[in-house]
Amino acid sequence: MCGAFLFFAMSDVLNIAQREAVECLRGPCLVLAGAGSGKTRVIAHKIARLLEIGLPATRIAAITFTNKAAAEMRARTRTLAGAQGAKVMMCTFHALGVRLLRADGQALGLGARFSILDASDALALIRECGATSSAALARRWQFSISRWKSAGLTAQQALDAANDTDERRAARVMARYQERLVAYQSVDFDDLIALPLRLLRAHDDVAQKWRDRLAYILVDEYQDTSATQYELLRLLVGNAGHFTAVGDDDQSIYGWRGATLDNLRRLPEDFPGLRVIRLETNYRSTEPILRAANHVIAANPKLYEKTLRSAIGAGEAVRVFACLDERHEAAQALRYFQQLHARWPQLRWGDCAILYRANHQAKAFEQVLRQAHIPYRVSGGTSFFERTEIKDICAWLRLWVNERDDPAFLRAITTPKRGIGTHTLAALGALAERLHLPLLNTLEHTALATALSQRAIDALHEFGRQVDALRAGAARAAGKVPAHVFLHAWLRDIGYEQHLAATAESAAQAQARWSNVLDFCEWMAARCENTAENGNENGGQATLLEVAQTVSLISTLGERQQEGEDALTLSTLHAAKGLEWPHVLLAGVTEGVLPLRPEDAGDTAARDARVQEERRLMYVGITRAQRTLAISWTRQRKVARALVPARASRFIAEMALHAQENTATAPGDAKKRLQALREQLAQAARAMQSK
């Protein structure tokens, strides 16, 4: 495609502000992209424009916050720029960190084959380091450690800054945890940002290498970056500052996990030549929905002024339901969506969503939806990679990648079971510690004969043989045998299907788990074929080893399998970020729920900050809706097991809705309305059964 034709095509689909953002190709650029304003379109077109002016695809990086967002961006860029677009590095901040550490981590003493611990593996290690049986206490330590790492603190710095006994204890646990990670040649997710930052700060030659490698960087969802992510970006772009940050301060809702609006404040200070471009035309929602959103967010202090305008135009008024309690609220929600279906028979259940502040609120809605036989899916369920059988296989792969990964060793050696008990493993662990060796390497040490019986040694050696067979077989099969064929043969050799049959509660459960394992094998094979996603930059297909090195960073297979399913979505507001539906109901918009207990935040400044972030969360929820939006709140809500009086959230008043847009349930006729709703529920259930 010639340059003139490409730019004509761009001008045909981009508005004036979007074109301005696309054409800003040198120096620092901040694109303030309001909800639904086409930011992904802008990023994809900007990448195509950079390619058009001659910048090699391999020198462009687009950083997102989820694998799903990266996949969407990759698809759009391919459509615009063809094969060249597929060569652009599109990944999350954490995946970028993996690339830096795989290439240059040896400068920090980290081998190229390090393991990446997921959250549950990290939690188990933290419990061990803190010598506690309390999962709740270990989770608090994990949260503190993550917060300290996100702020760029070492364990010693965290200890020096500790305010009380609990924080000092957590900092000491962090120190032991970090020692174990080093010994196991492993990292957690926070390390994938903290360690690359340390690498670039301490080694100017490495920093310059990556600045030369990445001539232009685009960052999506910039408002969600942490302090360490911002510093990493600053070191990667250097003084030239050839980057585009795309974000919206009104949608910053992840302060609890380290995101900071200070990154938006710092940009004009650190990059005086910063160009700021506002995208204020919304292509998603109708005018009444955007009016409500603009009114709500206007109560927050502004870093950059911006007002969304609808490209769609007029639409239905926003509705508000006052309900008696959670059960009544769920019944009202069902009635609302049934009425929409009655008006628009072609409406799909997949066009509808119920959004709420916390996971526990889903229960009442699930009950009425099941009763009415309406299909639904709960967003944010158990990750595919959290399933026991998948974690088993991943442990083997981690051990194949990194022989020093002792947590993976302990899981792999017991799945399938091979007569190796806790006493054998305890003796092996003590010997490994005395010899300063990883568990896997200890299997070949001559001192093993003095510590264990011959029967135990034979079982351990058999496991070692199987690990060696995995490595050798994968090396022989690379490029010759399809990945899924090799994986099926390996699983047969270790007897994993028989292991599932022996440990499952039923034959059906064993079959379901084995089906998950086969899906995982197919997924691994597909990743081998997709070089753009797995980071293979040398041409040709990636090897199983390369895919295994990044498996911990991948989003759940289960979520991808559910896409396209015609089912109403139940989701938390946080999980709904970046998504949209034609018809949305925001539930539980009640004081103490949304905003979530501001009085618990601490002093006045902390309470104000809590309310402001919760207001942004409300704004995100409102702007998920395309055509219709309803809000519900309850006059009573459960606190522990008791029902306590409740009132509408302050955010409803801030929406400044007209009186006729309010359809609140009056207390006087509540019983009659509730009885009518029960009759409607019963009729709906009978109608669905008759179909």
Side-chain angles (χ1 to χ4, degrees), residues 17 28-37 39 65 147 150-151 219-227 229-230 245-272 274-282 285 289-309 318 357 573-574 576-578 586 589 591-624 631 648-657:
C29 177
L30 171 61
V31 178
L32 291 169
S37 63
K39 67 180 178 64
F65 272 78
R147 181 165 49 85
S150 294
V219 181
D220 190 19
E221 302 288 7
Y222 178 76
Q223 76 282 348
D224 293 334
T225 53
S226 66
Q229 287 167 337
Y230 175 73
V246 182
D248 181 8
D249 51 328
D250 291 335
Q251 296 188 71
S252 179
I253 60 173
Y254 293 112
W256 49 275
R257 71 180 189 193
T260 173
L261 284 174
D262 284 341
N263 292 350
L264 276 165
R265 295 187 184 96
R266 290 182 58 184
L267 270 182
E269 299 171 3
D270 293 341
F271 299 95
L274 181 72
R275 187 170 173 186
V276 180
I277 301 168
R278 293 169 174 79
L279 305 183
E280 298 176 290
T281 302
N282 176 286
S285 307
I289 293 170
L290 290 187
R291 263 200 315 271
N294 286 332
H295 280 305
V296 166
I297 206 63
N300 268 7
K302 291 287 188 180
L303 285 175
Y304 298 94
E305 286 294 337
K306 145 176 116 286
T307 301
L308 290 181
R309 299 179 299 271
V318 177
R357 179 63 178 77
L573 288 164
H574 283 99
K577 176 87 179 325
L586 301 187
V589 188
E591 280 295 311
V593 179
L594 185 68
L596 181 66
R597 299 188 300 275
E599 63 278 6
D600 295 348
D603 59 20
T604 301
R607 288 195 293 272
D608 289 345
R610 165 77 66 85
V611 171
Q612 288 168 18
E613 178 152 325
E614 293 285 302
R615 185 176 285 116
R616 293 193 292 269
L617 190 59
M618 179 73 176
Y619 175 82
V620 166
I622 293 171
T623 54
R624 299 312 92 196
I631 312 288
S649 167
R650 68 193 76 183
F651 299 151
I652 294 178
E654 291 174 359
M655 293 168 72
L657 303 174

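- No salt bridge links E269 with R266; every basic N to acidic carboxylate O contact stays at or beyond 4.0 Å.
- The CG atom of D248 sits 7.5 Å away from atom CG of L308, with the distance rounded to the nearest 0.5 Å.
- Of all heavy-atom pairs between A227 and T260, the closest is N-CG2, 3.9 Å.
- Side-chain contact between C29 and I277 is present, with at least one heavy-atom pair separated by less than 4.5 Å.
- Applying side-chain hydrogen bond (donor to acceptor under 3.5 Å, both in side chains) to D224 and the options K577, Q251, Q229 leaves one that passes, K577.
- In summary, the side chains of R607 and T604 do present a donor paired with an acceptor at a separation below 3.5 Å, with no hydrogens or angles considered.
- Judged purely by distance below 3.5 Å, without hydrogens or angles, the side chains of D270 and Y230 pair a donor atom with an acceptor atom.
- Minimum heavy-atom separation, A35 to R624: CB-NH2, 4.0 Å.
- A donor-acceptor pair under 3.5 Å links the side-chain atoms of R610 to the main chain of R597, judged by distance alone.
- Under the 4.5 Å side-chain criterion, counting only non-hydrogen atoms from C-beta, I289 is in contact with I622.
- Looking at every heavy atom in both residues, A293 comes nearest to Y619 through O-CD1, 3.4 Å.
- Atom-to-atom distance recorded for M655:CE and H295:NE2 is 10.0 Å, nearest 0.5 angstrom.
- One distance of note links CD1 of I253 with NE2 of H574; it measures 4.5 Å at 0.5 Å rounding.
- Using a 4.0 Å cut-off between charged nitrogen and carboxylate oxygen, K306 and E280 do not count as a salt-bridge pair.
- Atom CG of residue L617 and atom CG of residue L596 lie 9.5 Å apart, to the nearest 0.5 angstrom.
- Contact check for L30 versus F271: no side-chain heavy atoms found under the 4.5 Å cut-off.
- Under 3.5 Å, the side chains of E221 and Q223 contain a donor-acceptor pair of N or O atoms.
- Taking CG of D249 as the start and CG of L32 as the end, the distance is 6.5 Å to the nearest 0.5 Å.
- You'll find the side chain of M618 reaches within 4.5 Å of the side chain of L586, heavy atoms only.
- At distances below 3.5 Å, at least one donor-acceptor pair connects side-chain atoms of E613 with backbone N or O atoms of G255.
- Taking OH of Y222 as the start and CG of L264 as the end, the distance is 5.5 Å to the nearest 0.5 Å.
- Residues N263 and S226 approach most closely at ND2-O, 3.0 Å, considering heavy atoms.
- Residues K39 and V31 have side chains not in contact (no heavy-atom distance under 4.5 Å, counting atoms from C-beta outward).
- Shown here for R650 and P595, the closest heavy-atom pair between the two residues is NE-CG, 3.8 Å.
- Side-chain contact between D250 and K302 is present, with heavy atoms from C-beta onward closer than 4.5 Å.
- Taking the side chain as every heavy atom from C-beta outward, L290 and R309 never approach each other to under 4.5 Å.
- Scanning both residues, R357 and V593, for their nearest heavy atoms gives CG-O, 3.2 Å.
- A heavy-atom distance below 4.5 Å is found between the side chains of L594 and L573.
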